Amino acid sequence: MSDWQNILRGLNNEQREAVKTTEGPLLVLAGAGTGKTRVITFRIAWMLEQGIQPEKILALTFTNKAAREMKERIAELVSEDQAKKLTVGTFHSFCIRVLRKEIKRLNYLPSFTIADTSDQEGIIKQALAQAGYSAVEDISAGRIAAYIGKQKNQLVGYRAARKLADNENDSRMAYVYEHYQTLLETQNMLDFDDMLLLTHELFSRFPEVLEKYRERFHYILVDEYQDTNFAQFSVVKLLCGDRNNICVVGDDDQSIYGWRGADVGNILKFPEIFPGTVQVKLEQNYRSTNNILKAANAVISANTERFEKNLWSAHGDGDPILVVPNKTNEDEAAFIADYIMQEREAMGLEFKDFAILYRSNHLSRLFELSLRKAGVPYRLVGGQEFFQRKEIKDAAAYLKLLVNPLEDQSLLRILSVPPRGLGDKAVNRLKELKAAAFLPFTSLLNEDAFLKSLTPKSAAEARSLTHCLQKYRAELSKPGNLAEKARDYLVEVGYYNGLQKVYKNIDDSRKRQENVEEFLNAIAEFEHKAENPPTLMEYLESYSLLEENDRTEEPNDGNAVTLSSVHASKGLEYPFVFLAALERNIFPHERSIEEGSMDEELRLFYVALTRAKLRLVITFCRMRALHGRINNQSPSRFLALLPEGIAEKADPEDLLRYASNDEMEKFFAMFNPGN
C-alpha cells in the first residue's frame with residue numbers, strides 16, 4: 001500500500017476534500033485540466049484504504065479509454081487483487097453485464113447480439129416496408145433512427161410512443177418504431193439504446209433484481225456526469241436507493257452532446273435531486289497558461305445557467321493568443337502547415353504536439369492537402385475507421401451468426417459474400433418462408449422448401465454454409481483459441497479466399513485479406529489480455545462497444561499532427577492548438593443560430609480553447625468555399641468575447657477589408673483600442 005500521507009500532500013485542498021468525502025452525495029465540479037482523473041482514482045483508492053470492499057464500488061465512465069486509464073491508475077495505488085475486484089466500465093458495458101444475467105425475464109435469450117448502425121438501417125427499412133411507408137419521402141431511415149433513439153433515451157417504448165404521438169407524422173414514426181422493435185426482438189437483437197432502456201425496465205419491473213444490484217453496489221461514482229442523458233440518470237438514480245452514496249464528477253461548462261441526448265440539467269439540478277449534496281469545485285488548472293484560461297473564463301461566463309467557476313494556473317500568463325485573418329481558406333490551410341513547420345523547430349516540439357481543431361468534419365479536407373504538400377504527418381480523427389471497413393463488418397457478421405442463430409441481419413449481409421448463387425430471388429424466398437413458418441433464416445437455409453427453389457449448385461452452397469455454421473457454432477461456443485478457430489472458420493466458410501471473387505483487383509483483394517488478418521490479430525490480442533480464456537460472445541461484445549478512440553489509426557511512430565473536430569477533441573490536450581474557421585455560420589454553427597441554442601455552442605468554444613497548453617492560434621478567412629460556391633465570410637461573434645490584452649494585435653488595415661458590420665467594428669476596437 002502506498003504512503004497515504006505523502007499522496008494526500010500532493011493534492012490541493014479541494015482535491016483532498018473530494019478524495020476524503022466518501023459518504024452521501026458528492027458533486028465534484030471539475031473544470032478543464034483540474035486533475036479530475038487523479039481525484040477519481042485517488043478517491044476510489046482512499047475508499048479501499050478505509051476498508052470499503054472493492055466489490056461494493058461501481059464506477060461508470062463514458063469511454064473505454066477512460067475506464068482503462070482509471071483501472072490502471074487505481075492498480076498503481078492499491079493491491080492488484082483489490083483492483084481486479086472493482087467494477088469499472090462504461091454505462092453500456094455495465095448494462096450488458098446486467099442483461100446477460102437477467103434478460104430472460106424480458107423474454108430475450110442471453111445470447112443476444114448488438115445491432116450496429118448498418119444493421120439498424122436495414123431493420124428500419126424492413127420496418128418501413130412492413131408499415132407501408134416505404135414510398136413516403138418525408139420518413140427516411142435516418143429520421144426514424146433519430147426518432148427511435150430520442151424516444152429510448154427518454155425511456156419511451158413503442159407503446160408509449162404511439163400514445164404520446166400528437167400529430168400524424170409522429171404517429172407514423174411511432175408505428176414504424178413498433179415494427180422496428182418487433183423485428184429486433186424476433187432476432188434476439190438489441191440496439192445501443194436498448195441497453196439502458198431494458199436495464200431500466202428490469203430494475204423497474206422486478207424489484208428483486210434491483211435490490212440485488214443495490215446490495216452489490218453500495219458506492220456509485222459517475223465520471224463526465226454532464227454528458228448523461230435521462231436514461232443514464234434514471235438507471236443511476238434507481239441503483240442509489242436510500243443510501244445515496246453517489247459521487248458524480250463533471251463540468252457543466254463542457255456539456256457539448258445535447259444533440260445526442262445529453263442533458264446538462266442532470267448536473268445543474270444534482271443538489272436538488274440529492275439533498276445534502278456536498279459540492280467541491282476544482283479550479284486550479286494544471287494544463288494551460290493563464291492567458292488561455294482568462295479567455296476561456298471570459299467566454300463561458302456569457303452563459304448564465306451554470307455553476308460559477310474561475311480557472312487559474314500556476315504556469316504564468318504565457319504567450320498571447322494569436323488571431324490570424326486570412327484571405328481564403330486555401331491561405332488559411334497553407335499558413336497553418338507552414339507555421340507548424342516553423343514553430344516545431346523554434347519551440348523544439350514534435351508533430352504530435354500540434355492539433356488543428358474545427359467545428360465540422362467537412363472542413364478537414366484542405367488541411368489534409370496542405371499538410372501532405374508540406375510533408376507533415378497527420379492523423380485524422382473521424383475518418384474511416386478500421387472496424388468500419390466493409391470486409392471487417394462482413395467478417396464480424398459471420399462470427400455473429402455463430403453466437404446468435406436468430407439474427408437475420410448478419411445472414412443477409414454475408415449470403416452473397418462471396419457469391420454463392422443466393423441472390424435476390426433466394427432472399428425473397430427466405431422472406432416468404434419466414435412469414436409462413438416464423439423461423440430464422442439460418443434454420444430455413446436447410447429446409448427442403450427453400451432448397452427446392454434453387455439450382456442444384458446453389459442448393460449445394462446453401463447446404464455447405466449450413467454445415468459450416470453448425471460445425472463452428474459448436475467449436476466456437478467453447479472458450480480458448482478464438483483467433484485460430486475463427487480463422488479456420490472464415491477459410492472453410494469460403495469468406496477469406498472468396499475475397500478474390502468479391503474484389504477482382506488482386507492488390508485490392510490482398511489488402512482486404514490483410515485487413516481480415518488484422519481483425520483476427522485483434523481477437524488474439526483480446527484473448528491475450530483476458531484474465532481467463534474468453535468466449536466468442538465476450539469478444540463480439542467488446543467489438544460492439546468499440547469507440548472512436550479505440551479505433552483511430554495512428555502513423556507508424558505515432559508522431560503526427562492531429563486533425564479533429566472540437567467534439568472529438570474533448571478530454572485531450574496539446575501544447576499547440578490551431579482553432580480554425582472561426583467565422584459566422586461556421587462556429588457558432590448556423591443551425592444553432594437559427595434555433596437559438598447558443599449555450600452549447602459557447603460551451604463547445606470553451607472546450608476548444610481549453611485543449612491548448614502553451615500556444616493557441618485562432619484563424620478565420622475573408623472568403624471560403626462552402627456548399628459549392630465561394631462565400632464572403634466575417635469573423636465569428638465569439639471572437640468579440642475574448643478579453644482585451646490576451647490576444648496579439650492585428651493590423652487594422654488588413655482586417656478592415658473583410659467586413660464593415662457592427663460586430664467587426666467591435667472586433668477591430670478590441671484589437672486596436674486606440675482606433
Side-chain angles (χ1 to χ4, degrees), residues 14-15 17-19 21-22 24-44 47 57-67 69-70 87-95 153-155 196 199-200 217 219-241 243-283 300 303 305-309 547 567 570-571 599-600 603-604 606-607 610:
E14 293 75 20
Q15 289 175 332
E17 183 182 0
V19 166
T21 304
T22 58
L26 172 66
L27 171 59
V28 181
L29 294 164
T34 56
K36 169 179 70 74
T37 304
R38 191 178 190 197
V39 167
I40 293 170
T41 53
F42 279 31
R43 185 176 185 272
I44 293 173
M47 292 166 71
I57 299 172
L58 170 64
L60 297 171
T61 68
F62 271 84
T63 67
N64 295 322
K65 181 182 178 184
E69 288 180 356
M70 199 180 293
T87 301
V88 180
T90 64
F91 274 93
H92 287 102
S93 65
F94 169 72
C95 288
N153 284 336
Q154 291 296 317
L155 300 177
L196 282 148
T199 300
H200 185 271
F217 301 113
Y219 297 85
I220 299 171
L221 185 146
V222 184
D223 188 17
E224 303 286 6
Y225 190 69
Q226 78 280 348
D227 294 334
T228 52
N229 60 28
F230 180 70
Q232 289 159 336
F233 156 77
S234 300
V235 167
V236 168
K237 184 73 171 69
L238 283 173
L239 277 172
C240 283
R243 288 191 185 88
N244 274 352
N245 285 332
I246 177 169
C247 167
V248 301
V249 183
D251 183 6
D252 50 306
D253 292 334
Q254 296 186 73
S255 180
I256 59 173
Y257 296 115
W259 49 277
R260 68 183 188 197
D263 183 359
V264 70
N266 288 345
I267 192 168
L268 293 175
K269 296 174 184 174
F270 186 86
E272 296 174 36
I273 297 167
F274 295 93
T277 291
V278 174
Q279 289 187 43
V280 178
K281 291 183 183 179
L282 305 182
E283 296 173 298
I300 202 61
N303 276 349
E305 292 294 313
R306 60 183 290 265
F307 291 107
E308 188 174 342
K309 295 177 287 297
E547 300 149 356
H567 278 103
K570 184 172 173 289
D599 284 4
E600 185 157 318
R603 294 195 291 266
L604 193 60
Y606 170 86
V607 166
T610 54

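Positions are given from 1, in the same order as the sequence printed here. Computed from a prediction, not measured in an experiment: that's the story for all the values here.
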When you compare the side chain of F94 with that of T90, does any pair of heavy atoms fall below 4.5 Å?
no
Got L155 and F230 here, is their nearest side-chain heavy-atom distance under 4.5 Å?
yes
Reported OG-to-CG distance for the pair S234 and L196, which is rounded to 0.5 angstrom:
9.5 Å
Roughly how far apart are L239 CG and I246 CD1, rounded to 0.5 Å?
9.0 Å
Quick one, V236 and T228 - any side-chain contact, counting heavy atoms below 4.5 Å?
no
Is there a side chain to side chain contact (heavy atoms under 4.5 Å, CB included) between V264 and R306? Walk through the geometry before answering.
CA-CA 9 Å; V264 70; R306 60 183 290 265; over 6 Å; no
If you compare all heavy atoms of L26 against all heavy atoms of T21, which two are closest, and at what distance to 0.1 Å?
CD2-O, 3.6 Å
Between the side chains of K269 and D263, is the shortest nitrogen-to-carboxylate-oxygen separation below 4.0 Å, so that they form an ion pair?
no
Pair K309 + D251: basic N to acidic O under 4.0 Å
yes
If you count heavy atoms of other groups shown closer than 6.0 angstrom to CD of Q279, is the number above 12?
yes
Pairwise distance OH(Y225) to CG(L27) - rounded to 0.5 angstrom
9.0 Å
Is there side-chain contact between F217 and I57, with heavy atoms separated by less than 4.5 Å?
no
Check whether S255 reaches the backbone of D252 with its side chain - one donor and one acceptor, N or O, closer than 3.5 Å.
no
What pair of heavy atoms forms the shortest contact from F307 to I267, and how long is it?
CE1-O, 3.5 Å
With side chain to side chain contact (heavy atoms under 4.5 Å, CB included) as the test, would you mind laying out the steps for F274 and K237 before giving the verdict?
CA-CA 9 Å; F274 295 93; K237 184 73 171 69; 3.5 Å; yes
How far does CZ of F62 sit from CD of Q226, to the nearest 0.5 angstrom?
7.5 Å
Exercise: identify the closest heavy-atom pair between T63 and T61
O-OG1, 3.1 Å
Could you measure the distance from the CG atom of L221 to the CG atom of L60? Nearest 0.5 Å is fine.
8.0 Å
Main-chain N/O of G24 paired with N245 side-chain donor or acceptor, under 3.5 Å
yes
So, are R603 and E600 salt-bridged, with charged N and O less than 4.0 Å apart?
yes
Are V222 and I220 side-chain neighbours, meaning at least one heavy-atom pair lies under 4.5 Å?
yes
Residue pair I273, F233: steps toward the side chain to side chain contact (heavy atoms under 4.5 Å, CB included) verdict
CA-CA 11 Å; I273 297 167; F233 156 77; 3.9 Å; yes
Which pair of non-hydrogen atoms, one from V19 and one from R43, has the smallest distance, and what is that distance?
O-CG, 3.5 Å
Between N244 and G241, which heavy-atom pair has the shortest distance, and what is it?
OD1-O, 3.3 Å
Working to the nearest 0.5 angstrom, can you tell me the gap between D599 CG and L604 CG?
12.5 Å
Please report the shortest heavy-atom distance between L268 and E305, naming the atom on each side.
CD1-O, 3.9 Å
Are any of the side-chain heavy atoms of C247 and Y219 separated by less than 4.5 Å?
no
Scan the side chains in residues 31-38 for donor-acceptor partners under 3.5 Å anywhere in the protein, sequence neighbours excluded, and list what turns up.
from : atom 1 : to   : atom 2 : distance (Å)
T34  : OG1    : G31  : N      : 3.3
T34  : OG1    : G31  : O      : 2.6
K36  : NZ     : D223 : OD1    : 2.9
K36  : NZ     : D223 : OD2    : 3.2
K36  : NZ     : E224 : OE2    : 3.4
R38  : NH1    : G10  : O      : 3.4

Are any side-chain N or O atoms of H200 and backbone N or O atoms of A231, one a donor and one an acceptor, separated by less than 3.5 Å?
no
Sidechain-backbone polar pair: K281 side chain, E308 backbone, donor-acceptor under 3.5 Å:
yes
Taking Y257 for its side chain and H567 for its backbone only, find out whether a donor-acceptor pair lies under 3.5 Å.
yes
Report yes or no: do N153 and N229 form a side-chain donor-acceptor pair below 3.5 Å?
yes
